[in-house]
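Below is one structure, written out as structure tokens; the observations come after it.
Just so you know, these numbers use all the heavy atoms, side chains as well, and skip hydrogens, waters and symmetry mates.
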Amino acid sequence: MLAPTSYTRKSRRCVRAFTLIEILLVIAVIAVLASITFGVSRGIQSAQNRTRAKSEMALLAQSIEQFKMRRGDYPWTDPVIEDGGETLLKALLGWKVFKRTDGSSDFVDLTNIPTGGPDAFIDTAQFKVAGIEDANAGLPSDNTTLPEGLVFIDPWGQPYVYQYKETGAWENFGFILYSSGPDGQHLAVDSDGVITREIRNSEKNADNIYLGE
């Protein structure tokens, strides 16, 4: 057998080098395609979350309107509390009522509990419910037990923000309902309930999703 010539050895070295380049090129192409796919999937997920948030808020708004028709007003929130999410959940599950005494009204927890539990204004199966302090907390299995510390959760795992008057300072004609968006941050409105351009365009509210948008 003839010994390999210097030309043959060079050819083999060239073949090995060319194959390595091909592998590196393929890896680079795969990485680029993966990044594009990841970016597209993130965009799709973000769009789906926004659509879901709008749909859920529309259902919440319908239930809030039903509450008003039967109770006479929208659920009141404490002006000291920024979002009123727990109040909203209790109200729509029938656990909050208006109590009128001596010409004044208060919005209080239900005390006279019907045998089968209070009449709810909403089907919670259509929403994610979690605890304010404990994300794993859920609704009581017994509907005659007052749900404490629970809120409706948006697609990003944050409580939906709800506000409505409890003081005479409220100037908004209705309630406020929105998702704080992907960053989970928001700047609450003042006690008058007016969403000014400054509030709407603030950095914290830039990605908020408001009811009806």
Side-chain angles (χ1 to χ4, degrees), residues 53-132 139-140 143-154 158-181 186-200 205 208-213:
K54 292 177 181 179
S55 176
E56 290 181 346
M57 285 191 292
L59 291 175
L60 287 171
Q62 290 178 7
S63 299
I64 294 169
E65 292 294 345
Q66 291 176 15
F67 180 94
K68 181 183 179 183
M69 289 178 62
R70 290 175 55 185
R71 298 284 191 250
D73 202 358
Y74 299 120
W76 293 355
T77 55
D78 188 337
V80 177
I81 302 174
E82 286 191 351
D83 53 41
E86 182 180 3
T87 296
L88 178 63
L89 183 139
K90 284 183 177 180
L92 297 187
L93 290 182
W95 283 96
K96 299 287 287 188
V97 293
F98 292 104
K99 183 179 180 181
R100 296 173 175 84
T101 55
D102 299 328
S104 63
S105 297
D106 293 311
F107 195 49
V108 298
D109 289 342
L110 182 69
T111 53
N112 298 322
I113 307 169
T115 303
D119 293 331
F121 297 84
I122 197 167
D123 180 7
T124 55
Q126 302 178 75
F127 298 88
K128 181 178 180 181
V129 174
I132 298 173
L139 291 167
N143 67 344
T144 60
T145 300
L146 177 68
E148 292 281 11
L150 300 175
V151 290
F152 294 110
I153 299 296
D154 70 13
Q158 301 296 329
Y160 281 108
V161 179
Y162 172 81
Q163 290 175 267
Y164 186 62
K165 65 181 180 182
E166 191 173 90
T167 67
W170 192 269
E171 296 180 6
N172 193 332
F173 69 92
F175 59 86
I176 293 172
L177 178 64
Y178 62 89
S179 163
S180 55
H186 71 99
L187 178 66
V189 299
D190 295 329
S191 59
D192 59 8
V194 178
I195 303 177
T196 63
R197 180 177 298 180
E198 180 182 0
I199 291 175
R200 184 65 182 85
N205 293 347
N208 288 1
I209 304 167
Y210 291 85
L211 174 67
E213 285 190 343

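Residues W170 and T77 form no side-chain contact, since every pair of their non-hydrogen atoms from C-beta on lies 4.5 Å or further apart. Put simply, the side chain of F121 reaches to within 4.5 Å of the side chain of R71, judged on heavy atoms. Between I122 and L60, some side-chain heavy-atom pair lies under the 4.5 Å cut-off. Residues F152 and M57 form no side-chain contact, since every pair of their non-hydrogen atoms from C-beta on lies 4.5 Å or further apart. A heavy-atom distance below 4.5 Å is found between the side chains of V108 and V97.
Nearest heavy atom pair, residue P75 against residue I64, reads CD-CG2, 4.0 Å. Pairing each heavy atom of I113 with each of T144, the nearest pair is CD1-O, 3.8 Å. When all heavy atoms of D154 and S179 are compared, the pair lying nearest together is OD2-OG, 2.8 Å. Across all non-hydrogen atoms, the minimal contact from K96 to D109 is CD-OD1, 3.0 Å. Of all the heavy atoms in L150 and P147, the pair that sits closest is CD1-CB, 3.9 Å.
Between E148 and K90, at least one side-chain nitrogen of the basic residue sits less than 4.0 Å from a carboxylate oxygen of the acidic one, meeting the salt-bridge criterion.
For the side-chain contact (heavy atoms from CB on, under 4.5 Å) criterion with Q163, the lone passing option out of T87, V189, I195, L88 is V189. Among Y210, Y160, Y178, the one residue that satisfies the ring-ring contact (aromatic ring centres under 6.0 Å, His included) test with H186 is Y178.
Note: I199 CD1 to D190 CG = 5.0 Å, rounded to the nearest 0.5 Å.
Taking the six-membered ring where tryptophan is involved, the planes of W76 and F107 are tilted, since the angle between them lies from 30° to 60°.
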Worksheet item: Does the side-chain contact (heavy atoms from CB on, under 4.5 Å) test come out yes or no for E65 and Y74, once each step is laid out?
Response: CA-CA 7 Å; E65 292 294 345; Y74 299 120; 2.9 Å; yes
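A 6.0 Å sphere centred on CZ of R70 holds more than 12 heavy atoms belonging to other residues, nucleotides or ligands.
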